Amino acid sequence: MRFEKVALATVGFQIPPVVVTSASIEERLAPIYERLRLPTGRLEGMSGIVERRLWEPGTRLSDISILTARKTIEASGIPPTEIRCLIHASVCREFLEPATACRVHWGAGLPNDTWVYDVSNACLGLMNGIVQIGTMIETGAIRAGLVVGTEDASGLLQATIDQLLNDPNLTRQSIKPAFASLTIGSGSCALLLVDRDYFGIGGRVFCATARANTNFHHLCQSEQDRAGSGMLPTMQTDSEQLLEAGVATGVETLEAFLKECPWEQSEVDVTVCHQVGSSHRKRMLEAFHFPEDRDFAVFQHLGNTGSVALPTALGIGLQLGKIEQPARAALLGIGSGINCVMIAAALDGIAVSSNVEQWNDALKSTRFDTNPSSIETSQPGISS
């Protein structure tokens, strides 16, 4: 799928305030580690994830999405009245009905003649949103659209820890499918896409390629969907097989992607992959023949933030100057299912909006102390 009129104007993201380290999670799981004789440091060692972040207890995810949407639109300089499509595309949503996008549309103050709906596709939700909005711009149906999502990991972390602590039959083998759930983090991100001829801003989005390998839909599954954002889901993941099948699907997608892409592979200046962990990143870049020094990753300090992971990494890289503009970028997304979406975009004149003004030396990100003995579950309620 090729685009002529589509540009990425702004990337906006919100970093949660509460830091939960991998070490603190292992402290909570100490009885399990002792009984199964698991070495401490295993979680960080396997994933490369030092820490992840959570929203404050009581935070409502649609409030965060509203804030992210507003700030992203403001940074672009485009009036909200020009936005004619709003897609809420995170795994997490507040309601089964209506679409979470409805409350975000209301809170962002967007016009009534707007396409408003949710998209759910595991870690590819925002990438799918980019393609859908880009298609609407390309056909002339709209001139600008916003895809936004907010992921809340607190419920999954809490449920996974409780499940492990309360399972007397747990073994070194049966604990493996739960480890991926302990790498999850929270975050929020939005991307504003526009008609570049009409607005004259942003970096051109050239093309998008998708592949599905649904023979492996069973490798990463959560339990039955339940209404309400206060649910405590659990998830089972065969990480080893998921990695192998995901990389294989990615290789197949990349072959088709490079036929659509306006550049040769050697001309790509920067890659941003889905932010799962160190093993996934290493295997993916090796299989794709992209150099590691041209790839930007943030999973070490944010964890796997689902659908917002890849675009948040893009935003952080731009804000920190780690990704210099102009640049030719390949956005390489893989999600459970297995689905793969790759997008080629010129990073040029893209604005960045975030809640982080000063970064420290670790990821250059603000750190906040938290009590490692309590991972609270966010409940519905208006955040301040």
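Here the structure is a predicted model, which means the values were calculated and not measured.
- Ion pairing of Lys282 with Glu292 is absent here, as no side-chain N (NZ or NE/NH1/NH2) approaches a carboxylate O to less than 4.0 Å.
- Taking 4.0 Å as the cut-off between side-chain N and carboxylate O, Arg93 and Asp118 do not count as a salt-bridged pair.
- Between the side chains of Ser354 and Gln14, no donor-acceptor pair is found at a separation under 3.5 Å.
- Within the 4.5 Å cutoff, the side chain of Phe13 has no heavy atoms near those of the Thr72 side chain.
- Using a cut-off of 4.0 Å between Lys/Arg side-chain N and Asp/Glu carboxylate O, Glu260 and Arg2 are scored as salt-bridged.
- Applying the 6.0 Å contact sphere to NZ of Lys5 captures more than 12 heavy atoms from other residues, nucleotides or ligands.
- Checked for salt-bridge contact, Glu51 and Arg53 meet the test: a charged N lies under 4.0 Å from a carboxylate O.
- Side-chain contact between Ile15 and Ile316 is present, with at least one heavy-atom pair separated by less than 4.5 Å.
- In summary, Arg204 and Asp348 do not engage in a salt bridge, as defined by a charged side-chain N under 4.0 Å from a carboxylate O.
- Heavy atoms of other residues, nucleotides or ligands lying less than 6.0 angstrom from CD of Glu324 number 12 at most.
- Comment: Arg328 engages Asp269 in a salt bridge, judged by a side-chain N to carboxylate O separation of less than 4.0 angstrom.
- Annotation for Val119 and Gly125: closest pair CG1-O, 4.2 Å, computed over non-hydrogen atoms.
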